[in-house]
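Down below is the structure, laid out as structure tokens.
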Amino acid sequence: MLQRVLPAGGEFSSATGSVYEDEEMEAARRMLEQQTGAPVPTGEMAGSDDRFSFPYVDVRHSVPPNAAPSLVCRYGVDKSWVLRSMLSKQWGGDAGALVGEFQLAFLIILVGQNFAGLEHWKRLLHLVLGSAEALGELGRELVVPMLGALGDQLQECPEEFGTSVLDQDNFLARILTAFVLSVYESEVPGKGALEEAVERIRHTLAERFQWVLPSGRQIQAEADVEEGEYAPQIVDQDD
């Protein structure tokens, strides 16, 4: 895995790029074209020897090609289809290899203070924890180990890192809250192991970062209240 992912020679710095910088540059190029109405040439990317070779994780486009409308709605939110596809194609069906790459991305963040490592780490976490439909088939072999790795990372990382990923766009808070609700609503084999892994994460977040991860029951209750506030109101026309 190290030979596949790291640049030639295994050396990298905070400036070492990846496919995610390409994505940002392309988005900026398209925006500039829209603003100016003139074509903007594609920027020249660094050679593959000077880059991380992360597989591209696109959690924003997670719907199967030519999907029926019902599948578009389902997999636009649930990342299970793209998780299954990538696990097979990129990691040869080896859940441990995916978790290992998640760990490597974390080390790249800590050692190199590198944007590419952070972006890959975030997307892998979103990919796995955002796949509610796959909890039954991949819960024990992938999701529980992923949560274990995340717990170890939060336990060992500098406090400012944990605080930043909790605060920055509320990324970790959003991902974990949605995942806790998915587990709460699920009836899958191994649900107890998932709940135990969540509890360990909850304990670490409270102990190290003074951040409370609500329970599934609390999240559901808040969602019900919010839904009630915006529910259609019946108006008595006789008054």
key: Close side-chain approach of Arg4 and Pro55, heavy atoms under 4.5 Å   = yes
message = Return the OG to CG distance between Ser80 and Leu87, rounded to the nearest 0.5 Å.
response = 11.5 Å
note = CD (Glu195) and OH (Tyr184) are apart, to the nearest 0.5 Å, by 10.0 Å
ask   = Side chains of Ser18 and His120: does their closest heavy-atom pair fall under 4.5 Å?
value = no
task = Enumerate the residue pairs fulfilling salt bridge (charged side-chain N to carboxylate O under 4.0 Å, His left out) with a member in residues 124-150, sequence neighbours excluded, ordered by first and then second residue.
result = Arg74-Glu133, Arg84-Glu133, Arg84-Glu137
key: CG-CG distance between Leu176 and Asn170, expressed to the nearest 0.5 angstrom   = 11.5 Å
Verify same cluster id: Leu107, Tyr20 (apolar side-chain graph, 4.5 Å) = no
ask   = Taking the side chain from Lys79 and the backbone from Gly130, do they hold a donor-acceptor pair closer than 3.5 Å?
value = no
ask   = Quick one: does Ile108's side chain get under 4.5 Å of Phe54's, heavy atoms only?
value = yes
Which residues share a side-chain contact (heavy atoms from CB on, under 4.5 Å) with Ser13, sequence neighbours left out = Ala15, Thr16
message = Is there a side-chain contact between Phe171 and Leu125 in this structure, where contact means two heavy atoms from C-beta onward sitting under 4.5 Å apart?
response = yes
task = Hey, could you give me the CG/CD distance between Leu147 and Glu199, rounded to the nearest 0.5 Å?
result = 12.0 Å
task = Kindly give the heavy-atom pair with the smallest separation between Asp78 and Ser62, and that separation in Å.
result = O-OG, 4.4 Å
request  = Work out which heavy atom in Pro145 is nearest to a heavy atom in Gly139; give both atom names and the distance.
outcome  = CD-O, 4.2 Å
inquiry  = Does Gln3, at its CD atom, have more than 12 non-hydrogen atoms belonging to other residues, nucleotides or ligands within less than 6.0 Å?
reply    = no
Glu11 (side chain) donor-acceptor with Ala8 (main chain) under 3.5 angstrom = no
ask   = What closest approach, in Å, do Ser215 and Gln218 show between heavy atoms, and which atom pair accounts for it?
value = N-OE1, 2.8 Å
query = How about Met146 and Leu98: do any of their side-chain heavy atoms sit closer than 4.5 Å?
reply = yes
message = If you define the side chain from C-beta out and look only at heavy atoms, does anything of Val128 sit under 4.5 Å from Val99?
response = no
ask   = Are Leu2 and Val111 in one and the same hydrophobic cluster, where Ile, Leu, Val, Met, Phe, Trp and Tyr link if side-chain heavy atoms are under 4.5 Å apart?
value = yes
inquiry  = Restricting to non-hydrogen atoms, name the atom on Thr177 and the atom on Ala173 that form the minimum distance, rounded to 0.1 Å.
reply    = OG1-O, 2.7 Å
query = What are the two closest non-hydrogen atoms of Asp58 and Arg123, and how far apart are they?
reply = CA-NH1, 4.2 Å
Exercise: identify the closest heavy-atom pair between Ala134 and Leu83 = CB-CD2, 4.3 Å
message = Do Lys122 and Ile175 have side chains that approach each other closer than 4.5 Å (heavy atoms only, starting at C-beta)?
response = no
task = Find the distance between CE (Met86) and CG (Leu124) and round it off to the nearest 0.5 Å.
result = 7.5 Å
Let me have the donor-acceptor pairs involving side chains of residues 150-161, under 3.5 Å, with sequence neighbours excluded, atom names and distances please.
| residue | atom | partner | partner atom | Å |
| --- | --- | --- | --- | --- |
| Gln153 | OE1 | Trp121 | NE1 | 2.8 |
| Gln153 | NE2 | Gln103 | OE1 | 2.8 |
| Gln155 | NE2 | Thr204 | OG1 | 3.4 |

request  = With rounding to the nearest 0.5 Å, note down the distance linking CD in Gln220 to CD in Glu185.
outcome  = 5.0 Å
task = Answer whether the closest heavy-atom distance between the side chains of Val183 and Val143 falls below 4.5 Å.
result = no
task = Say whether Leu71 and Trp81 are linked into one hydrophobic cluster, either directly or through other cluster members, by side-chain heavy-atom distances under 4.5 angstrom.
result = yes
